[in-house]
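The first residue in the sequence is number 1, and the count goes up from there. All values derive from a computational prediction rather than experimental measurement.
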Amino acid sequence: GQLTHTWYNFASLINQEKMLSCAVVFVSLLASVSAFAPLASKATAARMRMSYETEVGVLPPVGFWDPLGLSTGIDAAGFKNYREAELKHGRVAMLAVTGYIIQEFFRLPGAIDLDGTTFQSIPNGVGAV
């Protein structure tokens, strides 16, 4: 119906190079979905009582790096909560960067308002401000 006709018109507006760029970004986005899968937790009570120096991500020469001392005085549950929050915020940041990259290569067709301002007439990034 009309959706198929609209999609055909939309696809015909984009040249081959942009189509390939969009496909690459789309495949990358699909591949990053696994970052949002829940982590398998194999933590035992004995492991949670261990020092932070033995946790995953501790690397030489720095060791356990906490320059602000945020982990001082917290228990294993608090440390686990901090780790989960760090992963969540990192994933949100990755999505934000992906969105920024997609906007560089892909623009919606048509007008953004009733005055006829097109999406193509608005610059990318900080230039839009």
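- Under the 4.5 angstrom side-chain criterion for Ile, Leu, Val, Met, Phe, Trp and Tyr, the cluster partners of V62 are W65.
- A salt bridge is defined here as a Lys NZ or Arg NE, NH1 or NH2 lying under 4.0 Å from an Asp or Glu carboxylate O, and E84 with K88 fails to meet this definition.
- When all heavy atoms are compared, the tightest approach of F79 to E55 is CE2-CG, 3.5 Å.
- Within a 6.0 Å radius of CD in E86, no more than 12 heavy atoms belonging to other residues, nucleotides or ligands are found.
- The two residues G127 and P123 make their nearest non-hydrogen contact at O-CG, 3.2 Å.
- By the side chain to side chain donor-acceptor pair (under 3.5 Å) test, E104 pairs with N124, sequence neighbours left out.
- Between I122 atom CD1 and R107 atom CZ the span is 7.0 Å, to the nearest 0.5 Å.
- Formation of a donor-acceptor pair under 3.5 Å by the D115 side chain with backbone atoms of T117 is not found in this model.
- D66 approaches T72 most closely through the heavy-atom pair OD2-N, 4.3 Å.
- Cluster membership for L68 and V58, using ILVMFWY side-chain heavy atoms within less than 4.5 angstrom, is shared.
- Atoms CZ and CG, on R83 and L87 in that order, are 8.0 Å from each other to the nearest 0.5 Å.
- Residue I102 is tested with Y100, F105, F106 for a side chain to side chain contact (heavy atoms under 4.5 Å, CB included); the sole match is F106.
- F64 and S71 get closest at one heavy-atom pair: CE2-OG, 3.4 Å.
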